[in-house]
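Index from 1, following the sequence.
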Amino acid sequence: MHPLVDQYEKRGLESGHVAANAWLRQTSNRMKLGQTGLLLDSPEEALTQYAKVKARRTERDLFDALKRMDSPVAVDLIRKLVERTGISFPTLPDDPTKDETAAALMRTFDESWWRRQLRTWQWSDMESLCRELGLVSKRKGIYISDFSFKRCQGQKVKNRRLLEAMEAENECGQVYSLAELSDVSVSNPENRRNELMVRMRGFEETAKNSDEQWCGMFYTLTCPSKYHATHQTGEPNSKFNGSSPKEANAYLNKVWQRVRSAWHRRDYHCFGFRVVEPHHDGTPHWHLMLFFPQAVAQQATDIFQRYALQEDGDEPGADQYRFKAVSIDPAKGSATGYIAKYISKNIDGHGIEADLYGQDASSSAARIAAWASLWGIRQFQQIGGPSVTVWRELRRLESKNISKELLKQITEAADASDWETYTRLMGGAICPRKERPIRAWLVRKAEKNQYGEFVKKLKGIVFGPLELTTRLHEWTVRVAQSNSGSDSEDAETTANLNASAASMAADFRAPPQACATLEFCQ
């Protein structure tokens, strides 16, 4: 049976057909993408065409407005016209400069900007509707609806083909496809998992070998029941408030901010990792492996529990499910081993046969990755410790060419994947960032981006007064040489890919004429 029909009949039996008809009308309106005239299931071609028309019309509207009114009023008019469609105008500071305002406007003249906003909006609203219809649960599409998962997988294939259609060449004549470069970076799930495990193991060894006694604590933080769309049985949750997984994750982050502030006021310090993963219905929950000084571990845990239960803490099951704390006993197992399964099942399922719900771990990992991508949720975050960016840049250096002893030792530790030694030489796990001996070196690009903004790029590391370049080559990204066959369909596909690659590879686009001529009142 179609999910809409199923829900309609259920509501008719429970609340009567008047209420069911009202729900159906409301759901029908939700299938529309604001005032755009598009639907939640409109194809990519429709989004592309709308974005193209809207970008041109917005630029034209600004031209017309500037003939009739002052610049600030014209900018405000464009803001209202953009937001009338249901899309947020690009974020500006409270007192924007001329360049910041121009960059925001230039985004609204860019069809690719419109297309990205539309796609994000369309995908998230469709998935929210699927959750409310009960299509995201362990009995239907676990973690993410089958519809959205198929869509995400299709986009993933397109992205891969685009990477394969582009190549980068440096000044030495070395040429690699962007797909090859992606495969040797942390974009590769295996590399990502291995690095996370190295860093987690290093943190555990840091705590174990420190002169100060550290205690490992494993926390699980879960949302109140009103953030969950369905019960474990797959039945709708009558308490559900309609929040998306992104909004639920914002709630968890709000709790975490309050906890961190309370710890900071008491001078409690910790380090470790946070993992975000979905419940069967797509609602996120957090796992945190943190190390505290033994003397404050219990007090820190009590504070965490108090804030975790601050909202709806008296609802049934809150004491049992909303917050869990486990003290890691080294005699029974390592902290790294405790969190390893959570890292693995949220990346590629390596070494795990089944997830919590009995599903194949590798299949579940693919659905979890799609879930995180769709909702823009950061799955892993390091808490405390030294910079992983510096760690990665040091691994590009040859330690034998370094004369500074401390820098050489830190570089050798990074090159040997020794996170414990790297952490110790970088000032320890809880050292303030400004006091660490090495920081990342960012420089401003000579050219502006397509929105007229100067952006920074990573060039190397800074050690005291010494600046060391780790990004030794200048790379030019271009469309790869096409080897299309005679088949007309393959030739057409290749041509489309090359057109997309050419657009993506452009480092600079001349600013739209409206912004080029716009005079802003200061």
Side-chain angles (χ1 to χ4, degrees), residues 34-36 51 54-55 57-121 124-125 243-244 246-262 264-265 307 311 375-378 381 387 389 432-434 439-440 442-458 508-522:
Q35 302 300 315
T36 64
K54 201 65 183 176
R57 185 175 297 171
T58 304
E59 186 175 358
R60 184 199 65 196
D61 289 343
L62 179 59
F63 262 128
D64 294 342
L66 287 172
K67 298 174 184 177
R68 299 179 284 107
M69 57 190 72
D70 293 335
S71 296
V73 181
V75 172
D76 190 54
L77 174 65
I78 296 302
R79 179 198 299 273
K80 291 177 180 178
L81 290 175
V82 171
E83 293 183 344
R84 188 178 297 170
T85 65
I87 290 177
S88 298
F89 190 79
T91 303
L92 282 171
D94 293 335
D95 188 19
T97 64
K98 171 183 173 180
D99 289 343
E100 289 170 337
T101 304
L105 286 169
M106 288 171 68
R107 282 174 166 82
T108 67
F109 305 155
D110 180 9
E111 62 182 82
S112 65
W113 178 84
W114 278 95
R115 189 168 60 249
R116 288 192 299 272
Q117 307 307 309
L118 289 166
R119 186 187 296 132
T120 300
W121 181 14
S124 60
D125 273 21
S243 294
S244 69
K246 189 170 185 177
E247 291 168 331
N249 197 60
Y251 158 79
L252 295 173
N253 192 49
K254 185 177 178 181
V255 172
W256 175 240
Q257 290 173 349
R258 291 172 175 170
V259 171
R260 291 292 296 271
S261 295
H264 180 73
R265 289 192 296 269
Y307 281 104
E311 184 173 326
W375 293 112
I377 290 176
R378 183 178 180 182
Q381 183 178 16
S387 167
T389 299
R433 183 181 303 176
K434 63 182 179 180
R439 60 181 174 83
L442 300 173
V443 297
R444 195 176 77 170
K445 283 188 174 182
E447 294 180 339
K448 294 181 179 180
N449 65 11
Q450 67 265 41
Y451 303 123
E453 300 167 310
F454 282 111
V455 295
K456 292 184 176 181
K457 66 176 182 178
L458 183 61
F508 176 75
R509 179 172 62 84
Q513 189 179 1
C515 274
T517 60
L518 184 58
E519 293 294 334
F520 290 93
C521 296
Q522 297 298 314

Subject >> Residue pair D99, T97: steps toward the side chain to side chain donor-acceptor pair (under 3.5 Å) verdict >> reply: CA-CA 5 Å; D99 289 343; T97 64; 5.4 Å; no
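Side-chain atoms of D64 and K67, non-hydrogen and from C-beta on, do get closer than 4.5 Å to each other. The closest side-chain heavy-atom distance from W114 to T36 is not below 4.5 Å. Residues R60 and F63 are not in side-chain contact: their nearest non-hydrogen atoms beyond the backbone lie 4.5 Å or more apart. At least one side-chain heavy atom of S244 sits less than 4.5 Å from a side-chain heavy atom of E247. Residues E100 and P93 form a side-chain contact, since some pair of their non-hydrogen atoms from C-beta on lies under 4.5 Å apart. With contacts defined as side-chain heavy-atom distances shorter than 4.5 Å, the pair S243/Y251 does not qualify. Using a 4.5 Å cut-off on side-chain heavy atoms (C-beta onward), D76 and F89 make no contact.
Considering all non-hydrogen atoms of both residues, A65 and L77 come closest at CB-CD2, 3.8 Å. The shortest non-hydrogen separation linking S112 to Y451 is OG-OH, 4.2 Å. Nearest heavy atoms, A104 versus P90: O-CG, 3.5 Å.
In this structure, the separation between NZ on K54 and CG on L81 is 7.0 Å, given to the nearest 0.5 Å. Remark: T58 OG1 to E111 CD distance equals 11.5 Å, nearest 0.5 Å. For the atom pair CD (E453) and CZ (R107), the distance works out to 4.0 Å, reported to the nearest 0.5 Å. Put simply, CG on L118 and CH2 on W121 are 7.0 Å apart, with the number rounded to the nearest 0.5 Å. Considering CD of Q35 and CD1 of I87, their distance stands at 12.0 Å, rounded to 0.5 Å. Expressed to the nearest 0.5 Å, how far CD of E59 lies from CG of L62 amounts to 8.0 Å.
No more than 12 heavy atoms of other residues, nucleotides or ligands lie within 6.0 Å of CZ in R439, so this atom counts as exposed by the packing criterion.
Under a cutoff of 6.0 Å and an axis angle of 45°, R444 and F454 form a cation-pi pair.
T108 places a side-chain N or O within 3.5 Å of a backbone atom of L105 that can act as its donor or acceptor partner.
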